[in-house]
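Ligands are counted one by one from 1 in listed order, and the atoms in each one are counted from 1 as well.
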Amino acid sequence: MNPYLNDDLMALAEQARRFATDRVAPGFQERDRTRVLDRGLMKEMGAMGFIAPELPEAHGGLGLGSLAAGVIHEEIARADLSISYINLLASLNGQILSQHGAPEIALPWLKRLTAGEALLAIALTEPHGGSDAAALRLRIERDGAHYIVNGEKTSISAADQADAAVVFGRTGAVEAGAHGVTALLIPMDLPGVTRNRFDCHGQRAIGRGLLFFENVRVPVSHRLGDENKGFVQVMQGFDFSRALIGLQVLSVARAALEETWAYVAQRQAFGKPLSAFQGVSHPLADFDTQVEAARLLCLQALWLKDKGLPHSAEAAMCKWWAPKLAYDVVHQCLLSFGHGGYDRGVMEQRLRDVLGFQIGDGTAQIMKTIIARARAGREAVPA
Ligand SMILES: Cc1cc2nc3c(=O)[nH]c(=O)nc-3n(C[C@H](O)[C@H](O)[C@H](O)COP(=O)(O)OP(=O)(O)OC[C@H]3O[C@@H](n4cnc5c(N)ncnc54)[C@H](O)[C@@H]3O)c2cc1C
């Protein structure tokens with residue numbers, strides 16, 4: 001129990017946990033091997049109302065708050081972080097389409113997204129760099145009722161599995177930086193789109209890859225937000241996904257801790273349970289404390305969002321702290337299992353899975369810059 005989660009949210013979490021335990025957990029390791037996202041599972045999640053429940057009902061959601069999305073992310077991630085990427089991409093892209101899309105284009109996609117019938121990627125990073133996202137180079141040029149898109153995006157989650165992508169490109173001058181960027185919704189079956197898949201360390205069921213655009217004609221109706229305002233308007237959604245990522249990885253850490261506490265309480269060495277040795281139990285107690293605190297910070301960020309209050313700094317705190325903490329926690333848990341932890345299995349897969357979020361959606365350094373700007377002022381922290 002905690003002050004953020006009322007009885008309704010606890011009941012929703014319980015329902016999501018039952019589904020995740022019965023339907024998601026059993027294929028966790030198999031999907032890591034096959035690297036295929038289970039579309040059937042995605043539809044089941046949609047039918048249960050687990051995908052972007054925070055969207056208005058008219059946009060396919062349930063009109064619930066961000067905290068509802070948070071508890072569902074936790075429960076699905078606990079069973080398989082890769083599968084909870086479906087929820088993450090839907091919440092991030094759903095908010096963008098809902099707030100910035102033309103209704104006649106956005107609505108059908110939102111309905112498919114929340115039903116688990118469509119997967120949307122988000123494409124910002126380019127081969128020359130991701131941290132300095134405003135320096136992107138992919139060209140978007142107007143040609144009557146269309147935009148012509150040319151360029152390359154890299155390291156895009158679900159690149160080869162997505163049905164469409166929210167793509168950020170340059171419509172203005174390079175010198176205009178963030179103010180010359182436009183966002184488009186680009187269906188992946190348009191002529192001129194090609195893509196591939198990387199061999200990832202973790203999160204292998206969702207995967208990452210390249211997106212190439214060669215003279216891709218996108219109707220102007222597919223623009224998200226205003227021309228040249230894509231970065232300034234559309235990027236606001238990242239505060240939401242940063243808090244959700246925090247909850248996802250902390251949930252993986254919590255599952256690892258629970259299993260490890262049970263293991264060290266029964267495994268014997270030198271005539272005692274491992275937990276009797278402070279060298280074993282105190283690191284776990286330290287991490288247990290920090291996971292509890294970091295989770296409350298993530299819930300606080302979502303609570304602030306639901307109240308319409310500023311939460312960029314809090315979201316950035318969630319995004320740098322939780323993935324690093326989760327990695328350190330799972331690492332410690334793995335060591336507590338001795339040689340068994342090093343075998344291919346759930347613990348080493350968790351370690352591989354959570355590592356990606358120390359980079360994806362922005363690194364710790366970039367998050368700390370966002371926090372510094374919020375505290376010291378943008379002028380005092382120019383880059
Ligand atoms: C699992 C995963 C999923 C991803 N999914 C997506 C996705 O769906 N869509 C998408 O667009 N991108 C995605 N990415 C890409 C990710 O957003 C970028 O990798 C990230 O923003 C960093 O960019 P970069 O890799 O080009 O590193 P660089 O920008 O080249 O940075 C390299 C290093 O230098 C540091 N650095 C850079 N600038 C500064 C600075 N000013 N001060 C201090 N340190 C700095 C960085 O923190 C980093 O450690 C994903 C990446 C991963 C690993």
Looking at Ile371 and Met317, what are the two nearest heavy atoms and their distance?
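Looking at all heavy atoms of both residues, the shortest contact is CD1-CG, 3.5 Å.
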Protein heavy atom at shortest distance from [atom]:
atom: atom 10 (C) of ligand 1; result: Thr125 OG1, 3.3 Å
atom: atom 38 (N) of ligand 1; result: Ser131 CB, 3.9 Å
atom: atom 20 (C) of ligand 1; result: Ile359 O, 3.7 Å
atom: atom 46 (C) of ligand 1; result: Thr363 OG1, 3.6 Å

Check this for me - ligand 1, [X], N or O atoms closer than 3.5 angstrom, yes or no?
X: Asp132; answer: no
X: Glu126; answer: no
X: Leu124; answer: yes
X: Gly130; answer: yes
X: Gly356; answer: no
X: Gln365; answer: yes
X: Thr154; answer: no

Judged by modelled atom types alone, do [X] and [Y] share a side-chain donor-acceptor pair under 3.5 Å?
X: Ser84; Y: His73; answer: no
X: Ser336; Y: Tyr263; answer: no
X: Glu214; Y: Asn150; answer: no
X: Tyr327; Y: Gln358; answer: no

Heavy atoms of other groups near His179 NE2, more than 12 under 6.0 Å
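No.
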Per-atom contacts of ligand 1 with [X], taking only distances under 4.0 Å to non-hydrogen atoms:
X: Gln203; result: 1 (C)
X: Gly129; result: 26 (O)
X: Tyr85; result: 3 (C)
X: Asp361; result: 17 (O)

So for Ala121, does at least one of its heavy atoms come nearer than 4.0 angstrom to any atom of ligand 1?
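Heavy atoms of Ala121 never come under 4.0 Å of ligand 1.
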Phe238 vs Phe168 aromatic rings, parallel, tilted or perpendicular, using cut-offs 30° and 60°?
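Correct class here is tilted.
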Determine whether the aromatic ring centres of Phe213 and Tyr147 lie less than 6.0 Å apart.
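So the answer is no for these two rings.
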[atom] protein-contacted (non-hydrogen atom, under 4.0 angstrom):
atom: atom 28 (P) of ligand 1; result: yes
atom: atom 17 (O) of ligand 1; result: yes
atom: atom 34 (O) of ligand 1; result: no
atom: atom 43 (C) of ligand 1; result: yes

Please confirm whether Arg208 makes a cation-pi placement over Phe198, using NZ or CZ under 6.0 Å from the six-membered ring centre and within 45° of the ring normal.
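No, Arg208 and Phe198 do not form such a contact.
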Quiz item: cation-pi between Lys305 and Phe240, 6.0 Å / 45°
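That pair qualifies as a cation-pi contact.
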Test salt bridge (charged side-chain N to carboxylate O under 4.0 Å, His left out) on Asp288 and Arg254; report intermediate values, then the result.
CA-CA 8 Å; Asp288 211 308; Arg254 172 57 61 203; 2.9 Å; yes
CG-CG distance between Leu355 and Leu81, expressed to the nearest 0.5 angstrom:
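Nearest 0.5 Å value for the CG-CG distance: 11.5 Å.
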Below a 4.0 angstrom heavy-atom separation, can you tell me which part of Lys153, side chain or backbone, both or neither, approaches ligand 1?
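Neither; no heavy atom under 4.0 Å.
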